[in-house]
Amino acid sequence: MIESAAPAAIKIVADQAKEYASPYFGYFFSYEKIVEDFTNQREALELRKNRVDILVGGAKRQNEIIHDDVDNWLKRAEKELRETQNLKGEIDRVKCFKWCPKWGWRYSLSKKLAEEIPIISELLGISDFAQVGYRRPLQGIEFITSTDFLDSESSKSAFNQIMEAINAKGVNMIGLHGMPGVGKTTLAQEVGKHAREQKLFAKVVIFTMSQNPDINKIQRKVAAMFDLKFQTDIEDTRAEELWVRLKAEKDILIIVDDLWEEFKLERIGIPFGDKHKGCKILLTTRHQQVCTKMNCQKEVQLGILSEDEAWVLFRDQAGLEDDCSILNEVAKEVAGECKGLPLAIVTVAKALKGESLDEWRDANQRFKDSTHLYDEEVFGGVLEPLKLSYDYLKKGNNQMTGNDIQMCFLLCSLFPEDFEVFIEELIMYGIGLGLFPNVYSIEDKRKKIVGALKKLKKSGLLLETDDGETIRMHDVVRDFARWLTSTGENRFMVKDKFKEWPDMDESLECYTAIALWYCSSNIQNFPDKVNISKLKTSFLYGVEEGDDLAVVSSTFLEEMKALQVLYLHNISFSPKGFHSLPNLKTLFCLNCKWEHLSSSLTNMRSLEILSLFGTKIDEISEGLVKLSTLKYLRLSSRRIEERAVEEEEEEMNFPPKLVSRLTSLQELHVPNKNNINLLELNSLSRLTALSLELSTTQFSQKDFVFPKLQRYIIFVNGYMSILKVPNNRKLRIENFSSSLSAFNNLFCNVEKLKLRMVSGLKNIVPSIGKKVLNELTSLKLDSCNDMQFLIDITGDQGSTVAFSNLVELTIRWMVSLKGLCYGPSLSHRAIASFTKLTVVTIGYCPKLKTIFSPCVAHSMLCIEELYIKCCHGLEQVIGFAQEEETTKVEMPILPNHFNDSRLYCCPKLRILKIEYCSSLKYVCANTSTQGLQSLECVDISDCPQLMQIFKMKQNKNGQDVVLMYLKVLSCKSLKYVCANTSTQGLQSLESVKIRDCPQLMQIFKMEQNENGQNVVLPQNHCWPKLKTFWIHDCQLFSCFIVQASLLESLILSNVGIIWKTDMPILSEDCIVVGNHEKVFQVQGEYSFSRIKGLYLWNLFEVRIIWNDFAQVVTLENLTTLELRDCKKLRYIFSSMMARSLSHLMNLSIKGCEEIEQLILANDQISSSSSSNASLQPINFPNLTKITVTNCGNLKSLFPFGFVPILPKLECLKIKRNSKLKQVFELEHERKGVAEEDMKFDKLRKLSLKELPSLIHFCPKGYHFVLSALEDLKVRDCPKLTTSFSIDSQEFVYCETKTPQLVEEDAIEESVTVSNAIFNEDIYWSRQGFNESQLPHLT
C-alpha cells in the first residue's frame, strides 16, 4: 500500500512543481509549439483582416456607415499585425542558431510570443461580424438642394411666423397657404433646412401630396427616411408599421407639400396631436379653407412680392444692369405685369433675357393687349406671363421648329403632377409624332428634341431633376399647359386615378391626345370601341393590384386610325385590332400581358420605334424583319422595378441571322442576357447606338470587331439598368481573359471605361493601342492583377499621347501596379497625357512607390482632388519611383511654365486625402506649397512613417495657400506639418484636427540654433478664420498662441507641458493655450463669445482653466464643456463666469481628482474680479445633461437658492465621487420656514451610484417634484437620507428628513447601513422594467 502511494505522491509533487514553475519552464520547453501557434494565429488574423477589409470596402461603396465595433476591430488588428511584424523577424534569427541556441534569447522571444497569442485569439474570436455597416440615414434631397429661397419681406414674415409656431407649445399643425407660384414649396424647404441645421428635431421629412396623392409612394419615401423596411404591400398595414416607427422618435417635423383637400394623415401612418406630441406638421396649400379643415392652430399666408422686390428679382433673372436706361423702364412695366408672383417673374425674365429693346417693347404691348387669359380664381394672373414665355419658344426659330418645341412642352403636360418624365421617353414620343421632320436619322432627331427640352428648362417652363435623366413640370405650369390644350388644334384629355369612363356630353372626336393614368384593374363603363379619328397619342397606365392588370378591350383602338404613339403600362391587352393602326410609329410597353404579340407586330408596317420591358414575348419572331421602317428596338424581359439577378434573369433568344436583316435599325438596346451573334452587328450599316449585356462566350469569333458607334453602353459579364439608354459612350469589361481586339473601334472614342479582373494586360498603352483613349473622360481599373503601368513607352520611337481628355481616374486592388507611366525618357509625351485629369482615386496597390513621377506631375495642371488609401509600398506621392531612376531619366527641355517644379505642381489641387499608407514619408519632398495655392483640405491618417507633409512658402506674387481644413491622424513620425520660415501662413484655416502624433512638436518646422539643433519656441499662429482646433495625444506638442476670434470648438487632450521658461510675452488679443497651470492665458479683453464646445482631457498640469476671469468678456454661446482626467484642476468657474453660461447644455466632468467645487464661492474671488453681478443668483437656464464621475475631493455640485438653478435639466448622472456629501448646497440657511416644492419638470433620468459620503440629494426643507422622471437608479449610497416616492399622478417626489436635534455632522458620523433613514438600492423605470417599487404618497 505504501509502495502504491509513493508514485501518486511523487506525481502530485511533480504537478505542483510544474504548476509553480509555469510558465517559466514552458517558455523553454514549449518554444517550438509557441512559435507554431503564434505563426498560425497571426496568419489567420491577416487573412481575416483582409476579408473584413473587402467587406468594409463594399459597404462603403454602397454608401453605408461602418459599425464602430468593426472599425475598432480593424484598427486593433492593424495595430497588432504591425506590432508583431518584428517578432516574425526575431523567429527567423533564432532559427539561425539552431545548433547552438541562445537560451536567453529563446526564453525572451517565447515569452513575447506567448503574450501576443491570446490577444490575436481574442481578435479572431470577435471577428465574425454579421454585417459590417448599416445604411446611412437619409436627410432629404429637398433640403440638400434647397438654394432658391427668396429673402423678401413676405417670405421673412412667413418664415418667422412658422418658426415661432414650431417652437410654441401646443401647436402641432401649421398651415402655409398662398396663390400658385408664390413660393410655398421653396419656403417650406427653407424651414425644413433651417430646422435640420439647428437640430430642432430628430428628423425632418418632406413629401408632396398633389391633387391625387400616391399613398404608396409617400409611405415608401417616409419609410426610407427612417430606414424602415415594410413587411407587406397592404396600405393599411404599412401605415401601422410607419405609425409605430414614427412614435419611437422623440420629435419630428413633417412637411406636407401641396395639399389640395382635407386628408387624414393617419392613412399614411403619421401620428400627431395627442397621439404623438413630439410630431409637428407643416402643410402647404393653395387654398386657405384646407388649413381650416385640417384644424391648423396657426395659419400663415405667403403673399406676393412688393413692387421693389419684384423688380430686383426680375432684373437679376433677366440679367439687366441697375441703371436708368430706356430698356429698364420698359422692363419695369413688364415686371409689373407679372403681379409680384415669383414664378411668373422668373419665367418671363428668363424668356426675355438678352433680347433687344424692340423685343421688350413688343412683349410689353402684348401684355397690355391681352386680358382674356386672366382667371383670378384658378391662376391668379399667372396665365398671361406663362403664355408670353410659351409664345417666345418660337423666337429665333422657323415656324415649324417653334411649333415642335411647343409640342415638346405640351407632351410633358400629359403626365401626372410631380411626375419625373424620362427624357428618353419624350424622345420616343416626339419621333413618333413626327417632330422636326427636316432631320431624318434617330440621332439627329434626338439632338433636336434634347435641345428643345434644354430651351424649355432655360425658359423656366420645365424643371431640372437630380439625376439629369428626367425632367418635371411645375404644377402651375402644368395647369397652364392643360389650359392651352383645352381648346384649339391640339386638344388633350388627361385623367388621373382613372376608375370609371367619364359620362361626357361632348364628343371625343376633337382630341389629339388622351392620357389615362392609374387605371383600376376593373374600369367601370370602359367602352369596347371609341371613335377618335384625330387621336395621335394615347397613354394607358394601369395600377397593378396583385396579379391583376387593367384590362382593355381588344377593339378599343380599332377606330384610332391616326394613332402615332401608344404607351401602355400594366395593361392586359389583346392586339387583334392592331391591323387598323397603319400610322403607329412608336409602341412603348411596360409590364404588359399580350397574346401573340410577335406575330401581331407585323401588321404595324409604319412602326419606327418598338420598346418592350417586362412584357412576355412568346418569341422574337421573323415577323420583325417585315417591319421595314423599324429604326429603334429596345427589348428586355426584366420588369422595370426589377434588378438584374444572374440566376433568375431570362435570356432573350434571337433567331439566327434575324438581327442582321433589320437593315433599317439605327439603335439597338438589349439590357438583358441574350444570345445575339455579334458578327450580325456588322451588317447593320445604319447602327449608331447600342446597349448590350454580353457574356464571354459571345466573343468566340476571333475576327469580330464592334462597328463604329456614336453612343453605346456595353457591359461584358456585368448588369446594366434597363432604364439606362446611352447618352455617351460607356464600356465595362469584367472577368475577361480573351483578346481585347474586338473593342478596337470602341477604344477610339470611348468616354467611360471600366476594366475589372481583366487578365493578361500589362499596360493600357500600347497594349490596347497607341492612338486611342483620347476621348476617355473616366477610367476605372479594378483587380487587373497583371497590369504594371498605364503607359509604357520603353520601346516607342514615335508619338504616344494618351488620356489627353481624361478627367477621372480610379484604380483599386492592382497588386502589380508600379506607376502611371514608365519609360527611359519621359518627355512631352508623358506630359501631354493626363493634362485634363481632375479627380484621382487610388487604393490597395501595394507595389506602388510613387503616384506621379516628376514629368507626369508637371502635366497635372487641372487635378483638383486626390484620394489615396492602403498603398503600403507608397513612399512619395510626387517623386521618383526608384533612386536610380534619377540617373536613367533624361529630363526633357520643358516649356517655361514647367521649368520650376516648385511653382507649377498641381496648382488647382483642392482636396488631398491619404490614409493607411504605412511606408509614406513625404507627400511631395521637393515641392513647396507655391505650387499648391488652391489647396483647401488636407486629410492624412495612419501613415506611421510620414515625416513632412509639404513645404510652405508664399508665391512670388504674394499669394498664400487657401488651406481651410487640416486633419492629421496617427502619423507617428511626423514632427511638424509644414517646413516654413514664418508662422504667419495658412490665413484661411478654419479647422485643425491633429490626433495621435507622438513626435509632433509644432505645426511649423522648428527654429534652429547656431549648431543646427531644433529649438522649441511657442509659435504665434494668426488664423483669423479658425473655428475648430483639436489636438489629441501629441505628447510633445506643448502650446500655441493664436488670434482666433471665431473659435467655436476646442479640444486639448494629452499634450505636452509648457515650462515657465517657455512662456512668451503676449501681445494684445492673443491667447496661449496648452497644458500649463492655467489652460488659457489672455492678454487684453479677449472675447470667447463664439466658442460652443470646449473639451479638456488628460491635462495633468492644469489647476485653473482661465487666467483671469475679469478679463474674459463672455462665454455666452458655450453649449458643451467636457473635462476628463485633469488631475490637478481645483475648480471650473468663478460665480461671475457661471452666470454668463446662458447657453450651456452639456456638462461632463470625469477623473478630476483634486476638484473640490465646480463654482468658486464669492469670498474666494479677488476683489478685482468681483462686481455687482455676484449678488445675482446663479442658474443655468439651458443645461440639460450633467455627468460627474470619479472626482474624489468633490463635496457638492451646485449652490441652491430661491431661483431654479437647472430649469431644463433632463439627465443627471453622478458616480464614484467618494467625498460628495450633497448635490445641491444651500446658499442661505432656511430657518422656521415651511417646506417648499421645487420642480424639475424636464428631468427624465437620475442616477446616483457609489457615493459613500452622500447624505442628501435635495436640501433639507425642500421637496423636489420630478414630474417627467422616467428612470431612477440609486446604488451604494449608504448614508443617503433622501427618500423617493410617487403620487397618484405618477410624479416622483424626493425629500430629505433627519432626526430632530441631530446636527448634520452627527448624522455623518452616526448613520450606518443598519440605521440610515434611506439606504436601499433603487432601480425604477416608468416603462415598467422595475427591480424596485417606489412607495406611494398618502
Side-chain angles (χ1 to χ4, degrees), residues 137-144 146-178 182-209 218 221-222 225-226 245-259 263 265-266 268-286 288 290-303 1117 1119 1142-1143 1145 1181-1182 1184 1207-1208 1210 1241-1242 1268:
L138 300 177
Q139 300 297 325
I141 191 68
E142 295 88 352
F143 306 132
I144 297 173
S146 175
T147 58
D148 298 329
F149 179 63
L150 182 63
D151 196 14
S152 66
E153 288 299 321
S154 175
S155 61
K156 283 193 292 187
S157 173
F159 178 88
N160 292 333
Q161 290 181 66
I162 293 171
M163 294 311 302
E164 182 179 351
I166 283 175
N167 292 317
K169 291 183 178 180
V171 177
N172 53 54
M173 183 75 75
I174 306 160
L176 174 64
H177 62 90
V182 80
K184 300 183 295 296
T185 298
T186 304
L187 176 57
Q189 289 175 349
E190 186 67 19
V191 169
K193 183 178 178 181
H194 178 78
R196 194 187 68 177
E197 290 174 347
Q198 297 299 315
K199 298 181 179 179
L200 302 180
F201 297 86
K203 279 285 185 182
V204 180
V205 181
I206 184 171
F207 57 82
T208 303
M209 290 294 288
I218 293 170
K221 178 169 184 177
V222 177
M225 295 296 295
F226 291 92
R245 176 65 184 87
L246 266 60
K247 287 204 70 174
E249 293 290 336
K250 179 183 176 183
D251 42 25
I252 316 168
L253 174 62
I254 296 180
I255 300 173
V256 183
D257 189 33
D258 196 21
L259 189 62
F263 183 85
L265 295 176
E266 292 87 345
I268 298 172
I270 299 176
F272 65 100
D274 292 337
K275 305 294 174 58
H276 190 342
K277 294 185 178 180
C279 181
K280 299 210 172 189
I281 310 293
L282 170 62
L283 62 86
T284 74
T285 179
R286 299 182 184 186
Q288 184 273 334
V290 172
C291 298
T292 303
K293 291 180 179 179
M294 291 295 292
N295 298 316
C296 293
Q297 292 106 326
K298 177 68 176 180
E299 295 183 9
V300 179
Q301 182 176 5
L302 180 59
N1117 285 309
T1119 59
S1142 58
H1143 286 86
M1145 298 177 65
N1182 287 294
T1184 59
K1208 292 188 178 180
E1210 295 181 5
D1241 293 334
K1242 305 291 185 180

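Along the sequence shown, residues carry numbers from 1. All heavy atoms count here, side chains included; hydrogens, waters and symmetry mates do not.
With contacts defined as side-chain heavy-atom distances shorter than 4.5 Å, the pair Leu259/Met294 qualifies. Put simply, the side chain of Lys277 does not reach to within 4.5 Å of the side chain of Asp251, judged on heavy atoms. Using a 4.5 Å heavy-atom threshold, the side chains of Lys184 and Val182 count as touching. Residues Gln288 and Gln301 fail the side-chain proximity criterion, which asks for heavy atoms closer than 4.5 Å. Counting heavy atoms from C-beta on, the side chains of Leu187 and Phe159 come closer than 4.5 Å. You'll find the side chain of Val205 stays beyond 4.5 Å of the side chain of Ile255, heavy atoms only. Put simply, the side chain of Ile281 does not reach to within 4.5 Å of the side chain of Asn172, judged on heavy atoms. Taking the side chain as every heavy atom from C-beta outward, Leu246 and Ile254 approach each other to under 4.5 Å.
Other residues, nucleotides and ligands contribute at most 12 non-hydrogen atoms within 6.0 Å of the CE atom of Met1145. Summarising the local packing, CD of Gln297 is surrounded by more than 12 heavy atoms from other residues, nucleotides or ligands at distances under 6.0 Å.
Contact detail for Gly175 and Cys291: the closest heavy-atom pair is CA-SG, 3.8 Å. For the residue pair Ser154 and Gly303, the shortest heavy atom distance occurs at OG-N, 2.9 Å. Taking both residues in full, the closest heavy atoms of Lys280 and Ala165 are given as NZ-O, 3.6 Å, listed atom of the first, atom of the second, then distance. Cys279 and Ile270 make their closest contact through SG-CG2, 4.2 Å (heavy atoms, listed as atom of the first residue, atom of the second, distance). Of all heavy-atom pairs between Glu249 and Ala202, the closest is OE1-CB, 3.6 Å. Shown here for Val204 and Ala195, the closest heavy-atom pair between the two residues is CG2-CB, 4.2 Å.
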Audit row: Phe272, Glu266, side-chain contact (heavy atoms from CB on, under 4.5 Å) steps and yes/no: CA-CA 9 Å; Phe272 65 100; Glu266 292 87 345; 4.3 Å; yes
Pair Leu253-Leu200, side-chain contact (heavy atoms from CB on, under 4.5 Å): steps then yes or no: CA-CA 9 Å; Leu253 174 62; Leu200 302 180; over 6 Å; no
Test log, rule side chain to side chain donor-acceptor pair (under 3.5 Å), inputs Gln161 and Ser157: CA-CA 6 Å; Gln161 290 181 66; Ser157 173; 3.2 Å; yes
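No hydrogens or angles considered: nothing links the side chains of Asp258 and Thr208 as a donor-acceptor pair under 3.5 Å.
For the atom pair NE2 (His194) and CE (Met163), the distance works out to 4.0 Å, reported to the nearest 0.5 Å. Annotation: the span from Arg196 atom CZ to Phe201 atom CZ amounts to 14.0 Å, rounded to 0.5 Å. For the atom pair CD1 of Ile206 and CE of Met225, the computed distance is 10.0 Å after rounding to the nearest 0.5 Å. Rounding to the nearest 0.5 Å places CZ of Phe207 at 9.0 Å from NZ of Lys221. To the nearest 0.5 Å, atom CD1 of residue Ile174 and atom NZ of residue Lys298 are 9.5 Å apart. Going from atom OG1 of Thr285 over to atom NE2 of His177 covers 9.0 Å, rounded to the nearest 0.5 Å.
The side chain to side chain contact (heavy atoms under 4.5 Å, CB included) test with Met209 is passed by exactly one of Thr284, Leu283, Ile268, Asp257: Ile268.
In this structure Glu1210 satisfies the salt bridge (Lys or Arg N to Asp or Glu O under 4.0 Å) test together with Lys250, Arg1244, sequence neighbours excluded.
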